[in-house]
Amino acid sequence: MGRDTIADILTSIRNADMDKKGTVRIASTNITENIVKILLREGFIENVRKHQESNKKFLVSTLRHRKTRKGIYRTILTRISRPGLRIYSNYQKIPKILGGMGIVILSTSRGIMTDREARLEKIGGEILCYIY
């Protein structure tokens, strides 16, 4: 794992989704727990449980694979703001992904939240990632 924990969890979820794995093991930090809670609430993950090996804590997530007529539907996770280039937005200019079908995860002064929650509370912040 590198220094960018958000990119690490998005990559591990993306790789497990492409490989049709059932579960993903993610290092547990406050940021990753909040992002996984959002993914669980939005329906991209079925289940999450905490696991501990020696002194390291992990989140074990069960992925939800959606089937369509042509095969399995892939979840697309894109990291936007990164350590070398931070992207900020006010609440009026938060992008809508697929006309509101996808979600944008933001880091705001009131915690990590989705684009819908940020627009309701009229808060802007750092755009972490797009998920659709």
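Quick note: residue numbers are just sequence positions, from 1.
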I need the minimum non-hydrogen distance between [X] and [Y], along with the two atoms involved.
| X | Y | answer |
| --- | --- | --- |
| G125 | L106 | O-CD2, 4.1 Å |
| P95 | D115 | O-OD2, 3.9 Å |
| S54 | Q52 | O-NE2, 3.3 Å |
| H51 | V60 | CB-CG2, 3.9 Å |
| T32 | A27 | OG1-O, 3.1 Å |

Euclidean distance, [Y] [atom2] relative to [X] [atom1], rounded to 0.5 Å:
| X | Y | atom1 | atom2 | result |
| --- | --- | --- | --- | --- |
| Q92 | R119 | CD | CZ | 11.0 Å |
| I45 | L39 | CD1 | CG | 4.5 Å |
| T75 | E42 | OG1 | CD | 12.5 Å |

### Query
Does CG in N30 sit with more than 12 non-hydrogen atoms of other residues, nucleotides or ligands closer than 6.0 Å?
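No, not enclosed.
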[Y] backbone acceptor or donor facing [X] side chain under 3.5 Å:
| X | Y | result |
| --- | --- | --- |
| N34 | I112 | no |
| S12 | I9 | yes |
| S61 | I26 | no |
| R79 | I6 | no |

### Message
For E117, run the salt bridge (charged side-chain N to carboxylate O under 4.0 Å, His left out) check against R41, K122, R110 and tell me which one passes.
### Response
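The option that passes is R41.
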### Message
Let me check something: do M113 and Y130 share a hydrophobic cluster, defined by ILVMFWY side-chain heavy atoms less than 4.5 Å apart, either directly or through other members?
### Response
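Shared cluster, no.
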Could you check if a side-chain atom of [X] sits within less than 4.5 angstrom of a side-chain atom of [Y], using non-hydrogen atoms only?
| X | Y | answer |
| --- | --- | --- |
| L59 | R25 | no |
| I103 | R116 | yes |
| I123 | S109 | yes |

### Query
Do E33 and K57 meet the salt-bridge criterion of a basic N to acidic O distance under 4.0 Å?
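Salt bridge absent between K57 and E33.
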### Query
So I38 and I131, side chain to side chain contact (heavy atoms under 4.5 Å, CB included) or not? Walk me through it.
CA-CA 11 Å; I38 289 174; I131 301 170; over 6 Å; no
